[in-house]
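Here is the naming used below: chain letters follow the sequence lines, and residue numbers restart at 1 for every chain.
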Amino acid sequence: MNRLEALLAELDDDQKLAVMHGEGPLLVVAGAGSGKTRVLTYRIAALLARGLAQPHEILAVTFTNKAAREMAERVESLVGGSLRGGFVGTFHRFALKLLRNHAREAELPERFAIADEDEQRQILDRVMKRLEIPSTRLTPRAARSRISAAKNALLGPKELESRARGDAERLVAELYAAYQDELRSAAAVDFDDMLLGAVSLLEHHDALRKSLVSRFRWLLVDEYQDTNLAQARLVRLLGGKTPNLTAVGDEDQSIYRWRGAEVENILHFEAAYPTAHVVTLGRNYRSAEPILRAAAAVIERNSRRRPKKLSSEVGSGAPVTVYLAADEADEARFVADEIGRLRGSVSPGEIAVLFRVNAQSRPFEAEMVRRALPYVVVGGTRFWERKEVRDALAYLRLLVAPDDVLAFRRAIHVPARGIGQVAMEHLERAAATWGVPVPEAARRLPVELSPRARLAVGEFNTLLGELRALAADAPAAEVVRRLLDRSGLAAQYGSEDEDDRARRANLDQLVAAAAEATERDLDLSGFLDEVALLTDADVRREGDAVQLSTLHAAKGLEFAAVFLVGMEDGLLPLRREGNGEADEEEERRLAYVGMTRAQRRLFLTFARVRRVNGQLLSGRPSPFLLDVPRELVDDRTAAAGRDPFRSHAPQPHRHGARSPADFREEHSGPRSTDHGPRSSSRHPDGWRPGLKIRHATFGSGVILQVQGTGAQTRLVIFFDRAGRKTLIPSLAKLERA
DNA sequence: GCTTGCGGTATTTTT
DNA sequence: TACCGCAAGC
């Protein structure tokens with residue numbers, strides 16, 4: 001019993017209750033920072049230690065690959081080995097595995113492809129053109145998300161149609177049906193289909209379901225508040241009659257409603273599983289008292305939640321700092337000032353600047369660059385969605401599945417090989433006539449093709465054949481390398497400009513990823529499946545740098561100091577047309593998630609005036625900000641003669657308001673710029689005044705002055721667009737122009 | 001088939 | 001304001 005005792009010794013009473021729960025459904029309501037991952041992993045370890053479960057009986061699902069990996073690692077180190085035969089992974093990975101293993105029962109083609117968001121839109125585009133639906137009525141983008149919402153809610157095209165009210169909804173239903181046909185004929189499934197497919201597979205194949213139910217006796221689901229109907233149904237099916245289901249979550253942190261998440265899944269857990277035990281983890285091990293109380297004051301106003309109380313185990317701490325900025329630039333300056341002040345005691349990696357929308361990151365980036373503070377922007381353009389990467393992946397997909405139509409349509413055009421619209425139409429028509437997939441039609445070289453197109457298509461076929469032969473026995477990385485070389489994909493990006501270099505680096509990274517997959521015994525198709533389910537979140541996380549991130553991307557993380565910026569009415573409760581009350585609750589949860597990321601310091605800022613999409617918005621403070629009890633607040637604005645709690649009653653028009661420039665003047669005291677030693681010409685790294693350079697944010701400029709050497713090097717640069725800046729070349733990505 | 005310029009459009013984004 | 005996608009020209 002030793003091992004078990006050791007495990008329990010590290011848990012508080014509530015955590016122990018959850019970990020030691022035996023059979024039957026269990027809901028763990030895990031408030032922010034209450035040790036939810038710990039409970040999940042220790043519970044698995046305890047089940048094994050107590051002999052209640054065998055490793056292969058464990059099925060643990062999460063939403064992100066990252067969370068899954070973390071869970072797997074922690075369990076491994078607890079039990080001293082991997083869960084052989086068990087499954088720890090994402091919902092989608094589990095579903096995909098199921099569908100691949102049972103493609104026939106699921107009525108899917110043997111090597112079905114996975115259509116990503118981009119391909120979904122392309123399909124919709126085709127469908128809409130064919131049905132002659134003007135994009136003024138509905139954009140492919142909007143259609144995609146409507147269809148996705150339907151799928152998340154387990155509705156097929158027919159169900160959607162029967163529920164449709166009004167022409168607009170009927171149109172979506174019609175498109176849905178056509179989209180589904182098109183997907184089917186392209187032998188592809190989309191992300192949502194994976195879940196739907198898994199659900200319908202289990203619903204229609206009793207024997208299979210029973211075998212899974214008896215095999216995976218122990219189910220554990222993380223972030224249950226984010227499950228959609230399809231996921232909840234899948235869990236229900238896998239649980240069988242007497243589910244040993246552990247659901248862990250916190251309705252206060254449900255922030256993916258727009259993506260189909262149903263808070264009701266967790267709120268009504270006991271209704272769905274009447275025999276469920278509920279354990280509430282009420283001790284917070286992350287945040288200092290004032291932070292927790294401030295966050296509680298915000299979330300308490302929500303109605304769709306279980307009332308609960310979190311107590312801080314960290315103890316007292318600094319009050320929450322509030323600052324009203326003149327505009328977004330001033331806000332960024334304030335944040336950078338404070339970061340500078342914190343740096344004595346907190347390393348950059350422990351600091352986060354969190355905002356509602358990605359577009360808010362700009363001023364912060366600019367300010368960080370100016371101050372030479374190391375930072376990373378989380379998110380942005382994602383690796384796997386980059387053009388060059390997706391082009392290469394399209395080829396790889398064709399090697400594994402020669403009739404992958406979506407991949408074919410993409411690959412045949414890159415690099416350009418003289419096959420245009422006319423040639424493509426011939427191929428599509430020939431395919432339709434012969435009743436074969438387009439790639440097969442291409443292999444047969446229809447006579448309609450012009451001699452030139454014929455040659456080009458022929459060469460494309462030869463290339464694929466050659467690579468396919470190679471793929472049969474060479475490791476994935478080797479295949480990728482040869483592909484990049486032979487296809488001319490790599491050669492497209494031969495120049496030395498910043499763009500091409502970045503693209504080449506991305507392609508190198510793809511080769512590296514393939515090599516790494518081979519090490520894990522994945523073949524090419526396994527690699528592709530993995531890549532299809534991978535996101536940027538899985539590659540990131542490097543260096544000791546301040547994180548600039550959206551609130552969504554910050555979920556699950558914690559930082560010593562958090563700046564929650566842009567707390568304005570309309571921005572943090574983000575409002576746009578058609579945003580109802582229900583969304584206000586979600587926005588509140590978002591603010592709550594942001595606040596509870598903080599361990600020791602929390603800063604809330606908002607800007608009096610803000611430029612959004614080129615338009616000047618006058619900001620009123622977020623109602624969430626006003627919910628924070630004043631006794632918890634250290635108001636820095638008051639020191640500057642303004643009071644965010646008083647002087648900003650709603651002002652529909654800015655009549656009589658001072659101009660942004662006034663605020664700026666009032667706020668920007670003398671700012672020292674050039675510190676650091678000066679050095680004369682000839683710099684070891686080759687920097688010299690007069691040299692023309694390029695910067696990702698500031699554009700092109702010329703070096704005025706070079707200061708210091710090595711890590712201390714600072715360059716004073718005059719940018720054409722952005723004016724004079726002082727930069728550290730090792731941090732700011734500079735390119736000689 | 002590739003480049004250039006214009007206009008429309010703008011959240012969040014675990015897979 | 002900034003980007004992206006599309007349509008017209010080379």
First of A/A423 and A/T550 reached from the 5' end of DNA chain B, by closest nucleotide
A/A423
For A/R356 and A/V422, find the nucleotide of DNA chain B closest to each by heavy atoms; which residue's nucleotide sits nearer the 5' end?
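The residue closer to the strand's 5' end, by nearest nucleotide, is A/V422.
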For a quick check, tell me whether the side chain of A/R259 and the base of B/dT13 share a donor-acceptor pair closer than 3.5 Å.
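Present.
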Taking atom P in both B/dT12 and C/dG5, what distance in whole Å separates the two?
15 Å
Rounded to whole angstrom, note down the C1' distance from C/dC3 over to B/dT14.
25 Å
With a non-hydrogen cut-off below 4.0 angstrom, is [X] in contact with a base, only sugar-phosphate, or nothing?
| X | value |
| --- | --- |
| A/E223 | nothing |
| A/D226 | base |
| A/L195 | nothing |

Let me know the distance between [atom1] of [X] and [atom2] of [N], rounded to the nearest Å.
| X | N | atom1 | atom2 | result |
| --- | --- | --- | --- | --- |
| A/Q360 | C/dA2 | CD | C1' | 16 Å |
| A/R611 | C/dT1 | CZ | P | 7 Å |
| A/L98 | B/dT15 | CG | P | 19 Å |
| A/D118 | B/dT13 | CG | P | 17 Å |
| A/N358 | B/dT12 | CG | P | 5 Å |
| A/R610 | C/dT1 | CZ | P | 17 Å |
| A/Y592 | B/dT12 | OH | P | 24 Å |
| A/L574 | B/dA10 | CG | P | 13 Å |

Ignoring hydrogens and geometry, is there a side-chain-to-backbone donor-acceptor pair from A/R100 to A/F112 under 3.5 Å?
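Flag set: sc A/R100 to bb A/F112 pair under 3.5 Å.
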With the side chain of [X] defined as its heavy atoms from C-beta on, choose the nearest nucleotide among [options].
| X | options | result |
| --- | --- | --- |
| A/R362 | B/dT12, C/dA2, B/dT15 | C/dA2 |
| A/T64 | B/dT14, B/dT13, C/dC6 | B/dT14 |
| A/D125 | C/dC6, B/dT13, B/dT15 | C/dC6 |
| A/R141 | B/dT13, B/dT12, B/dT14 | B/dT13 |
| A/H552 | B/dT12, B/dT15, C/dC6 | B/dT12 |

Quick check on [N]: is either OP1 or OP2 less than 4.0 Å from any side-chain nitrogen or oxygen of [X]?
| X | N | value |
| --- | --- | --- |
| A/N152 | B/dT15 | no |
| A/T62 | B/dT14 | no |
| A/N65 | B/dT15 | yes |

I'd like to know if [X] pairs up with [Y] as an ion pair, taking the criterion as any Lys NZ or Arg NE/NH1/NH2 lying under 4.0 Å from an Asp or Glu carboxylate oxygen.
| X | Y | result |
| --- | --- | --- |
| A/D125 | A/R121 | no |
| A/R305 | A/D252 | yes |
| A/D226 | A/R259 | no |

Would you tabulate the side-chain donor-acceptor contacts of residues 190-202 of chain A under 3.5 Å, counting partners in other chains and residues two or more places apart, or write 'none'?
unit_1	atom_1	unit_2	atom_2	d
A/D190	OD1	A/K151	NZ	3.3
A/D190	OD1	A/D192	N	3.1
A/D190	OD1	A/D193	N	2.7
A/D190	OD2	A/Q120	NE2	3.1
A/D190	OD2	A/K151	NZ	2.6
A/D190	OD2	A/Y179	OH	2.7
A/D192	OD2	A/S148	OG	2.8
A/D193	OD1	A/K151	NZ	2.7
A/D193	OD1	A/Q180	NE2	3.4
A/D193	OD2	A/K151	NZ	3.2
A/D193	OD2	A/Q180	NE2	3.3
A/D193	OD2	A/D190	N	3.3

Report yes or no: is the ring centroid of A/Y256 under 5.5 Å from the six-membered base ring centroid of B/dT12, with the two planes under 30 degrees?
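One would not call A/Y256 stacked on the B/dT12 base.
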Residues which pass salt bridge (charged side-chain N to carboxylate O under 4.0 Å, His left out) with A/R610, listed by chain and number, not counting sequence neighbours
A/E331, A/E568
